[in-house]
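See below for the structure under consideration.
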Amino acid sequence: MATIRDVAKRAGVSVATVSRVLNETGYVHADTKAAVIKAIKELNYKPNYVARSLYKKSSRLIGLILPDITNPFFPELARAVEDVAHQYGYTVVLCNSDGDLEKEKNYLDVLTQNHADGLIVTTNRQNNMNYIDLDIPVVALDRTLHESIPEVRADHYGGGKMATELLIQRGCTFIAHVRGPSQLGPADERCRGFVNAAEQAGIAYHIVESQFDIPISEQTVSELLDTYPQIDGIFAGNDLIAVAAVKVALKRGISIPEELQVVGFDGIPLSACFYPAITTIVQPIYEMGKWATELLIQLITKKNIAAKTHCFPVKLAERETTKRMG
Ligand code: RIB
């Protein structure tokens with residue numbers, strides 16, 4: 001295997017010059033640089049990335065911390081992060097925390113010890129102080145970490161309101177919100193939008209808490225419909241909860257959307273493939289991941305950033321779990 005000395009010999013320069021080219025430090029004449037790059041290619045020289053990252057305190061790694069890769073929302077985010085990072089020559093290290101603070105802290109330590117250049121974090125543990133005093137840039141994605149940390153998210157409050165107003169417009173008289181976990185920013189905001197729209201319309205409503213998980217939500221929805229069989233509209237905290245709601249209703253012989261209307265949140269591909277296709281509030285998932293990665297790379301490369309927080313609008317996708325107008 002070729003060494004840095006072999007490259008230096010082939011290019012007719014010193015080892016220090018090859019090192020300057022590799023590390024992009026100090027002045028190297030363009031012709032010398034071209035000769036070094038040519039020698040690297042001819043010898044198929046692979047720099048020692050561990051040694052390089054120790055020296056430069058940079059690894060061109062981006063850590064992506066996600067709470068649950070089994071929720072299809074997160075692979076779509078990860079795909080965007082990976083696409084953009086790759087374009088800029090960064091490698092993404094995917095860390096699935098399972099919403100477990102200790103596991104998340106462990107990943108954080110490993111990433112910082114290995115000189116990750118920056119982090120994109122979607123944590124279920126908001127207000128944890130682990131990210132405040134890091135030496136590397138952090139971008140919070142779909143969650144709030146701290147006022148000092150830039151954030152990319154969607155309009156959860158507006159989406160919650162939009163979903164609820166649709167149920168009301170389509171004739172529901174007693175609506176329920178099967179919400180995501182409390183203390184989780186997006187779930188709290190969607191719930192606030194629901195309450196606001198229901199209160200404004202003066203309609204009867206009920207709220208139950210679930211998890212962003214199909215089996216748990218099936219149980220929650222079953223209990224809800226046992227207690228309140230008159231419910232004719234459900235705003236589900238995300239598409240997985242919506243899938244659970246539709247499944248429970250159909251198993252009970254409740255027709256959708258005639259007797260029960262359901263609106264989800266996220267716009268994951270499953271929501272359109274499911275039968276009946278789920279009416280949902282679509283977050284621009286890929287765009288959010290892309291924006292967060294571009295923002296992080298601007299911070300890593302010390303560019304001025306226009307705004308620290310970016311809130312994407314959401315939109316309604318009307319499908320088969322709500323009634324049509326007229
Ligand atoms: O934690 C999972 C949920 O948070 C996703 O389904 C999406 O709604 C995100 O905001």
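Whatever order the structure lists ligands and atoms in, that order sets their numbers, starting from 1. Along the sequence shown, residues carry numbers from 1. For the numbers below, each heavy atom of this structure counts, side chains included, while hydrogens, waters and symmetry mates do not.
- With a 4.0 Å cut-off on non-hydrogen atoms, Asn71 touches ligand 1 through its side chain and not its backbone.
- Taking a 4.0 Å cut-off on heavy atoms, Phe73 registers as neighbouring ligand 1.
- Shown here for Arg10 and Leu43, the closest heavy-atom pair between the two residues is NH2-CD2, 3.4 Å.
- At a heavy-atom distance under 4.0 Å, only side-chain atoms of Arg190, from C-beta outward, approach ligand 1.
- The nearest non-hydrogen atom to atom 8 (O) of ligand 1, considering only Ile241, Asp266, Asp142, Asn238, comes from Asp266.
- When heavy-atom distances to ligand 1 are checked against a 4.0 Å cut-off, Arg143 comes that close only through its side chain, counted from C-beta outward.
- The residue from Tyr228, Phe194, Phe235 that alone fulfils the ring-ring contact (aromatic ring centres under 6.0 Å, His included) condition with Tyr205 is Phe194.
- Glu189 and Arg192 are joined by a salt bridge, as a carboxylate oxygen and a charged side-chain nitrogen come within less than 4.0 angstrom of each other.
- Those atoms of ligand 1 with a heavy atom of Gln283 less than 4.0 angstrom away are 7 (C), 8 (O), 10 (O).
- With a heavy-atom cut-off of 4.0 Å, Phe74 touches ligand 1 through its side chain alone.
- In the hydrophobic clustering of this structure, Val121 does not group with Leu184; members are Ile, Leu, Val, Met, Phe, Trp, Tyr whose side-chain heavy atoms approach within less than 4.5 Å, directly or through other members.
- Geometric assessment of Arg190 against the ring of Phe265 yields a positive cation-pi assignment under the 6.0 Å and 45° thresholds.
- Residue contact check: Phe212 has heavy atoms under 4.0 Å from atoms 1 (O), 2 (C), 3 (C) of ligand 1.
- Remark: the backbone N or O of Phe212 is not paired with any side-chain donor or acceptor of Asn238 at under 3.5 angstrom.
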